[in-house]
> 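Below is one structure. I have some questions about it.
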Amino acid sequence: MGKTRVAIMGIIVENMDAVEELNELLHEYRRYVIGRMGVPYRQRQVSVMSVALDAPQDKTSALAGKIGALPGVSVKTLYSNVVSEGDGADAE
């Protein structure tokens with residue numbers, strides 16, 4: 001078992017063509033997702049999302065890097081000081 005850390009990602013989607021790939025990435029990392037919320041802001045034609053995670057820090061960083069590489073998508077991650085032994089979800 002590895003150490004996991006609670007974190008939250010703030011995501012702003014300006015390019016709606018990237019939404020499908022963003023959802024695929026979140027699905028790929030679903031074992032670490034505690035919850036997610038998306039709010040479409042139609043007046044500005046953007047979507048604002050938050051994703052709460054409990055994951056090894058390298059997994060959270062990898063996901064943020066992949067999301068940030070999507071065209072028209074911005075992401076920032078905030079880590080908590082809550083660190084604990086993982087539940088083995090990382091074992092495949």
Side-chain angles (χ1 to χ4, degrees):
M1 287 190 210
K3 293 195 182 293
T4 65
R5 196 166 176 189
V6 174
I8 188 163
M9 280 186 194
I11 304 167
I12 297 179
V13 181
E14 297 175 0
N15 175 10
M16 292 306 137
D17 292 336
V19 170
E20 185 175 341
E21 195 169 353
L22 172 59
N23 282 325
E24 287 175 12
L25 286 170
L26 293 173
H27 181 74
E28 180 182 335
Y29 284 81
R30 69 189 175 277
R31 69 182 57 140
Y32 306 114
V33 175
I34 300 166
R36 61 188 264 192
M37 177 182 66
V39 180
Y41 187 13
R42 290 180 180 86
Q43 294 92 330
R44 297 283 189 147
Q45 298 181 358
V46 299
S47 286
V48 180
M49 295 181 66
S50 63
V51 180
L53 303 159
D54 187 0
Q57 191 165 341
D58 63 328
K59 297 291 184 181
T60 301
S61 295
L63 176 58
K66 291 175 183 180
I67 290 172
L70 297 174
V73 180
S74 302
V75 62
K76 292 290 180 185
T77 306
L78 176 66
Y79 292 94
S80 76
N81 291 323
V82 178
V83 179
S84 61
E85 287 299 319
D87 62 2
D90 196 32
E92 298 184 7

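This is a predicted model, so every value here is computed, not measured.
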> List in chain and number order the residues that pass side chain to side chain donor-acceptor pair (under 3.5 Å) with S61, two or more places apart in sequence or in another chain; answer none if no residue qualifies.
Y79
> Would you call R30 and H27 a side-chain contact if the rule is heavy atoms closer than 4.5 Å?
yes
> Partners of S74 by side-chain contact (heavy atoms from CB on, under 4.5 Å), sequence neighbours excluded?
none
> Considering residues at least two apart in sequence or located in another chain, which fulfil the side-chain contact (heavy atoms from CB on, under 4.5 Å) criterion with V39?
M37
> Could you tell me the separation between the CD atom of Q57 and the OG1 atom of T4, rounded to the nearest 0.5 Å?
11.0 Å
> Distance check, rounded to the nearest 0.5 Å: L53 atom CG versus K59 atom NZ?
12.5 Å
> Write out all pairs satisfying side chain to side chain donor-acceptor pair (under 3.5 Å) with one or both partners inside residues 34-50, taking only residues at least two apart or from two chains.
N23-R36
> Going only through I, L, V, M, F, W and Y residues with side-chain contacts under 4.5 Å, is there a path from V19 to L26?
yes
> Scan V75, V33, L78 and name whichever one has a side-chain contact (heavy atoms from CB on, under 4.5 Å) with M9.
V75
> Which residues satisfy the salt bridge (charged side-chain N to carboxylate O under 4.0 Å, His left out) test with E14, sequence neighbours excluded?
none
> Got a second to check how far T60's OG1 is from I8's CD1, nearest 0.5 Å?
12.0 Å
> Is there a side-chain contact between R5 and N81 (heavy atoms, below 4.5 Å)?
yes
> Between side-chain atoms of residues 62-73 and protein atoms elsewhere (two or more places apart, or another chain), which donor-acceptor pairs fall under 3.5 Å?
| residue | atom | partner | partner atom | Å |
| --- | --- | --- | --- | --- |
| K66 | NZ | Y29 | OH | 3.1 |

